[in-house]
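Structure record follows, encoded as C-alpha cells.
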Amino acid sequence: MTREELLALPTTTTIEIAARALGLGRTRAYELAKLGQFPCKVIRVGVSYRVVTADLQRLLDQKRDA
C-alpha cells in the first residue's frame, strides 16, 4: 500500500485494509483483533472491526523511521 493510498483512507478502515498495509494476512489480523493484540486501535462495530486510520498511519510512520 502506498503512502498516497494511506492518506486517502477515511477516519476508520476495515481490518483487511489495515492488515494489508501492515503485511499481515486476513486470518492473523482477525485473530489479533479478537485477542485485543492488533497493533492499532480497533473498534468493534456490531460484528465487524474497524481500525482507526490515524493509529495505523502513526504505526507505519514509526516503522518507516526505525
Side-chain angles (χ1 to χ4, degrees):
M1 178 170 269
T2 67
R3 180 82 174 137
E4 292 76 25
E5 289 173 318
L6 278 173
L7 293 173
L9 291 174
T11 305
T12 62
T13 191
T14 65
I15 200 157
E16 290 92 351
I17 290 173
R20 189 176 108 209
L22 294 169
L24 295 172
R26 181 182 180 276
T27 302
R28 183 66 178 144
Y30 276 103
E31 287 173 357
L32 290 172
K34 287 177 186 175
L35 295 171
Q37 296 177 355
F38 198 80
C40 305
K41 182 172 175 83
V42 175
I43 301 169
R44 183 85 188 255
V45 181
V47 295
S48 64
Y49 291 95
R50 301 292 294 182
V51 175
V52 177
T53 302
D55 286 346
L56 176 61
Q57 289 174 340
R58 228 177 276 118
L59 177 64
L60 291 171
D61 286 344
Q62 289 173 355
K63 284 186 171 188
R64 188 186 68 227
D65 292 343

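Both backbone and side-chain heavy atoms feed into the values below; hydrogens, waters and symmetry mates do not.
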- Measure across F38 and A19 and return the closest heavy-atom pair with its distance rounded to 0.1 Å. CZ-N, 4.4 Å
Donor-acceptor pairs under 3.5 Å, side chain of residues 23-31 to any protein atom, not counting sequence neighbours: which ones?
residue: R28; atom: NH1; partner: E31; partner atom: OE1; Å: 3.3
residue: Y30; atom: OH; partner: E16; partner atom: OE2; Å: 2.7

- Linking directly or through intermediates, with side-chain heavy atoms under 4.5 Å: list the remaining ILVMFWY members grouped with I43, chain and number order. V45, V52
- Message: Suppose the criterion is salt bridge (Lys or Arg N to Asp or Glu O under 4.0 Å): which pairs have a residue in residues 46-57, not counting sequence neighbours?
- Response: D55-R58
- Looking at CD1 of I17 and CG of L56, how far apart are the two atoms once the value is rounded to the nearest 0.5 Å? 10.0 Å
- Query: Do any N or O atoms from the side chain of T53 and from the backbone of P10 form a donor-acceptor pair under 3.5 angstrom?
  - Reply: yes
- Note on the structure: Excluding V47, membership of its hydrophobic cluster (Ile, Leu, Val, Met, Phe, Trp, Tyr; side-chain heavy atoms within less than 4.5 Å) reads none
- Note on the structure: For E4, the side-chain contact (heavy atoms from CB on, under 4.5 Å) test, sequence neighbours excluded, returns T2
- Query: Where do V42 and A33 come nearest, in terms of heavy atoms and distance?
  - Reply: CG1-CB, 4.4 Å
Return all side-chain donor-acceptor pairs below 3.5 angstrom for residues 59-66, not counting sequence neighbours, or 'none' if the list is empty.
residue: D61; atom: OD1; partner: R3; partner atom: NH1; Å: 3.2
residue: D61; atom: OD1; partner: R64; partner atom: NH1; Å: 3.1

- Task: Determine which pairs satisfy salt bridge (Lys or Arg N to Asp or Glu O under 4.0 Å) with at least one residue from residues 32-45, sequence neighbours left out, and list them in order.
- Result: none
